Amino acid sequence: ISQPTHPTVRIEKQILQERVNSGQHMEGIAIEPTQFECFHVNRTTNEIEQHQATVHARLIPFDEIRARILQRHTNMGIVRICTVDIENLSNEVLKSFLCSIGEHNETNDTEQIQMLAIKHMSTRHFKIWHDHSSIAGHSHLLVMIAAIYD
């Protein structure tokens with residue numbers, strides 16, 4: 001009987017590095033370095049050795065997250081505003097759309113109504129959540145961001 005085993009730490013690091021290099025995962029910007037002492041067993045001398053290790057918190061700018069979500073949504077066909085389609089709609093249809101989202105304007109200028117409709121149809125909304133708690137007793141915050149679909 002054979003059972004699968006978990007990959008070693010070295011293999012997990014290689015897989016993660018490959019995903020970062022390919023752009024599948026975002027590495028972010030290294031901030032706030034923290035040093036701590038590590039102990040490991042030297043296999044040749046069979047002694048415990050001590051060394052310093054440095055770890056960094058990672059910051060991923062919101063602009064990068066937005067650009068990545070836009071690219072993903074464009075590839076999936078979620079974001080697809082075609083101005084030709086809006087130009088073919090009548091003013092009454094566009095006004096009823098603007099009324100339904102609470103953005104009705106009393107103007108009769110066709111171009112202004114079309115630009116307002118394009119603006120509201122191409123606006124993306126994000127939900128941002130965090131619970132104001134720290135991670136592992138440090139001052140790091142975890143913020144989750146997701147797109148709101150309509």
Side-chain angles (χ1 to χ4, degrees), residues 2-40 50-150:
S2 64
Q3 291 183 324
T5 60
H6 294 288
T8 63
V9 173
R10 180 176 296 168
I11 293 174
E12 295 255 353
K13 284 182 180 180
Q14 288 174 349
I15 292 170
L16 181 60
Q17 190 61 45
E18 288 172 4
R19 290 179 179 171
V20 168
N21 292 341
S22 70
Q24 186 178 357
H25 291 312
M26 294 176 14
E27 187 175 25
I29 302 166
I31 59 169
E32 194 177 332
T34 303
Q35 290 191 348
F36 63 95
E37 295 178 358
C38 292
F39 296 94
H40 71 277
Q50 176 183 0
H51 64 68
Q52 294 283 327
T54 303
V55 295
H56 298 271
R58 295 288 174 174
L59 171 71
I60 302 173
F62 188 57
D63 289 339
E64 287 183 27
I65 294 169
R66 287 179 50 219
R68 190 176 187 121
I69 290 174
L70 176 62
Q71 181 66 38
R72 190 170 58 221
H73 286 180
T74 303
N75 292 343
M76 293 188 312
I78 295 172
V79 176
R80 55 183 187 277
I81 300 300
C82 183
T83 57
V84 175
D85 293 339
I86 293 193
E87 291 171 358
N88 293 335
L89 297 175
S90 67
N91 276 355
E92 284 69 33
V93 171
L94 291 175
K95 284 182 180 180
S96 67
F97 165 71
L98 292 173
C99 283
S100 69
I101 62 172
E103 292 293 332
H104 179 62
N105 197 340
E106 292 298 326
T107 185
N108 288 327
D109 182 23
T110 304
E111 188 174 318
Q112 188 177 4
I113 292 172
Q114 289 175 349
M115 292 306 291
L116 191 59
I118 289 171
K119 174 189 168 207
H120 287 289
M121 285 183 177
S122 62
T123 300
R124 297 175 300 139
H125 299 279
F126 294 101
K127 58 183 175 182
I128 299 174
W129 177 89
H130 71 92
D131 61 359
H132 301 281
S133 65
S134 60
I135 298 174
H138 297 325
S139 61
H140 308 302
L141 295 177
L142 175 64
V143 178
M144 296 188 200
I145 299 170
I148 299 176
Y149 299 99
D150 54 350

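The structure displayed is predicted, hence computed values, not measured ones.
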Quick one: pull up [atom1] in [X] and [atom2] in [Y] and give me the separation to the nearest 0.5 Å.
X    : Y    : atom1 : atom2 : answer
H130 : I145 : NE2   : CD1   : 10.0 Å
N21  : E27  : CG    : CD    : 8.0 Å
Q52  : Q35  : CD    : CD    : 5.5 Å
N91  : D109 : CG    : CG    : 8.5 Å
S96  : L89  : OG    : CG    : 9.0 Å

Scan the side chains in residues 7-16 for donor-acceptor partners under 3.5 Å anywhere in the protein, sequence neighbours excluded, and list what turns up.
unit_1: T8; atom_1: OG1; unit_2: I11; atom_2: N; d: 3.3

Heavy-atom count check: over 12 atoms from other residues, nucleotides or ligands less than 6.0 Å from [X] [atom1]?
X    : atom1 : result
H40  : NE2   : yes
Q50  : CD    : yes
M115 : CE    : no

Qualifying salt bridge (Lys or Arg N to Asp or Glu O under 4.0 Å) pairs with a residue from residues 92-103, counting only residues at least two apart or across chains: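 For residues 92-103: none.
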Distance-only check: which donor-acceptor pairs under 3.5 Å involve side-chain atoms of residues 55-72, not counting sequence neighbours?
unit_1: R68; atom_1: NH1; unit_2: G23; atom_2: O; d: 3.3
unit_1: R68; atom_1: NH2; unit_2: G23; atom_2: O; d: 2.4
unit_1: R68; atom_1: NH2; unit_2: Q24; atom_2: O; d: 2.7
unit_1: Q71; atom_1: NE2; unit_2: N75; atom_2: OD1; d: 3.1

Taking every non-hydrogen atom, the tightest pair across C38 and F36: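 Shortest heavy-atom contact: SG-CE1, 3.2 Å.
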Can you check whether H51 reaches E37 side chain to side chain, under 4.5 Å on heavy atoms?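 A side-chain contact under 4.5 Å is absent here.
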Should T54 and T34 count as side-chain neighbours, where that means a heavy-atom distance under 4.5 Å?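 A side-chain contact under 4.5 Å is absent here.
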